[in-house]
Amino acid sequence: SVIRQLDAIWKVLEKKGIRYSSIGTTTGSSTEVQHVRLIEDTLRTRQANCVDGSTLFASIATKIGLDAYLVLTPGHCYVAIEMPETKMMGIEMTVLGSEDFGSAVAIATNKAEYSIRRNFKKFEEGDIESGFILVPISICRSLGIQPIPARK
């Protein structure tokens, strides 16, 4: 039933026309940086980079009672959901609008450089400098970190 709920969230975002977009800007050095949009901007422009899409998906999943996480890896972000029968299920948001939900799960599970299962020790150690960090949305909410209110 959790997978059906997650698939339903995915389909709603697709119906809203939200697609992955890797809009980057150069910071004056050779470093490429992605601009992170507010959720209202993501919905308005129907564009989401890895952080935008992951934040939106994880926020919705948390709102319906699921334990959602932002998974930060060096240079990337995706979603993880705590599952009743397994530890965590990753969801790769960069395929939103081009692949189905099953593909998003398969990519997050199998892509060696950021798979939760393959890098669990790095996440478990909680070494911020490694770039492998699990951010539990429920803990963020309990600490008072809330979505930015819509502009008026």
Side-chain angles (χ1 to χ4, degrees), residues 1-83 88-116 119 122-123 128-152:
S1 107
V2 171
I3 290 181
R4 282 197 309 265
Q5 289 175 311
L6 297 171
D7 185 49
I9 295 169
W10 186 269
K11 286 177 179 166
V12 166
L13 295 177
E14 283 186 321
K15 282 184 182 179
K16 294 275 185 193
I18 298 172
R19 304 276 185 258
Y20 173 71
S21 171
S22 178
I23 298 172
T25 58
T26 304
T27 61
S29 65
S30 60
T31 307
E32 180 84 7
V33 178
Q34 285 187 331
H35 173 74
V36 178
R37 298 167 198 59
L38 298 173
I39 288 177
E40 68 183 50
D41 294 332
T42 297
L43 294 171
R44 184 179 45 74
T45 63
R46 296 186 302 251
Q47 295 181 19
N49 64 29
C50 63
V51 176
D52 303 333
S54 296
T55 302
L56 178 58
F57 195 96
S59 293
I60 296 168
T62 299
K63 193 70 172 171
I64 64 170
L66 301 176
D67 289 322
Y69 299 77
L70 293 179
V71 182
L72 305 175
T73 65
H76 189 49
C77 179
Y78 64 104
V79 177
I81 304 294
E82 206 162 311
M83 300 297 287
M88 296 250 194
M89 181 175 74
I91 304 165
E92 175 53 57
M93 297 305 298
T94 61
V95 296
L96 182 62
S98 65
E99 300 282 341
D100 64 11
F101 177 71
S103 296
V105 172
I107 292 167
T109 301
N110 298 320
K111 201 163 184 180
E113 63 265 27
Y114 62 85
S115 166
I116 296 172
N119 292 299
K122 293 176 186 175
F123 288 114
I128 291 175
E129 290 182 20
S130 75
F132 289 85
I133 306 165
L134 287 174
V135 180
I137 302 301
S138 62
I139 290 177
C140 292
R141 297 292 184 257
S142 71
L143 293 171
I145 301 170
Q146 298 294 321
I148 297 171
R151 289 178 244 157
K152 294 183 182 205

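Scanning both residues, S54 and C77, for their nearest heavy atoms gives OG-O, 3.5 Å. Heavy atoms only, all atoms of each residue included: A80 and M88 are closest at CB-SD, 3.8 Å.
Evaluation of the salt bridge (charged side-chain N to carboxylate O under 4.0 Å, His left out) rule for K11 yields D7 as partners, not counting sequence neighbours. Among residues two or more places apart in sequence or in another chain, the side chain to side chain contact (heavy atoms under 4.5 Å, CB included) test is passed with I137 by A58, T62, A68, L70, R141. Applying the side chain to side chain contact (heavy atoms under 4.5 Å, CB included) criterion to A104, with sequence neighbours excluded, gives W10, I91, V95. The side chain to side chain contact (heavy atoms under 4.5 Å, CB included) check on I64 picks up Q5, I9, L66, with sequence neighbours excluded. For S103, the side chain to side chain donor-acceptor pair (under 3.5 Å) test picks out E99, D100, with sequence neighbours left out.
Atoms OG1 and OH, on T73 and Y78 in that order, are 6.5 Å from each other to the nearest 0.5 Å. Atom-to-atom distance recorded for M83:CE and I3:CD1 is 4.0 Å, nearest 0.5 angstrom. The structure places CD1 of I18 at 9.0 Å from CZ of R46, a figure rounded to the nearest 0.5 Å. Rounded to the nearest 0.5 Å, atoms CD (E82) and CG (L134) are 10.0 Å apart. Going from atom CG of L43 over to atom CG of L13 covers 8.0 Å, rounded to the nearest 0.5 Å.
If you check the side chains of Q47 and Y20, you find no donor sitting under 3.5 Å from an acceptor.
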Give the C-alpha distance, both sets of side-chain angles, the deciding distance and a yes or no for side chain to side chain contact (heavy atoms under 4.5 Å, CB included) between S21 and N49.
-> CA-CA 5 Å; S21 171; N49 64 29; 5.9 Å; no
Under the side chain to side chain contact (heavy atoms under 4.5 Å, CB included) criterion, do F101 and L6 qualify, and how do the steps go?
-> CA-CA 8 Å; F101 177 71; L6 297 171; 3.5 Å; yes
Kindly determine whether I39 and D41 satisfy side chain to side chain contact (heavy atoms under 4.5 Å, CB included), including the steps that lead there.
-> CA-CA 5 Å; I39 288 177; D41 294 332; over 6 Å; no
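Just one residue in the list V105, I107, V79 forms a side chain to side chain contact (heavy atoms under 4.5 Å, CB included) with E92, and that residue is I107.
Counting only residues at least two apart or in different chains, salt bridge (charged side-chain N to carboxylate O under 4.0 Å, His left out) contacts with residues 52-81 comprise R37-D52.
The closest side-chain heavy-atom distance from C50 to H76 is below 4.5 Å.
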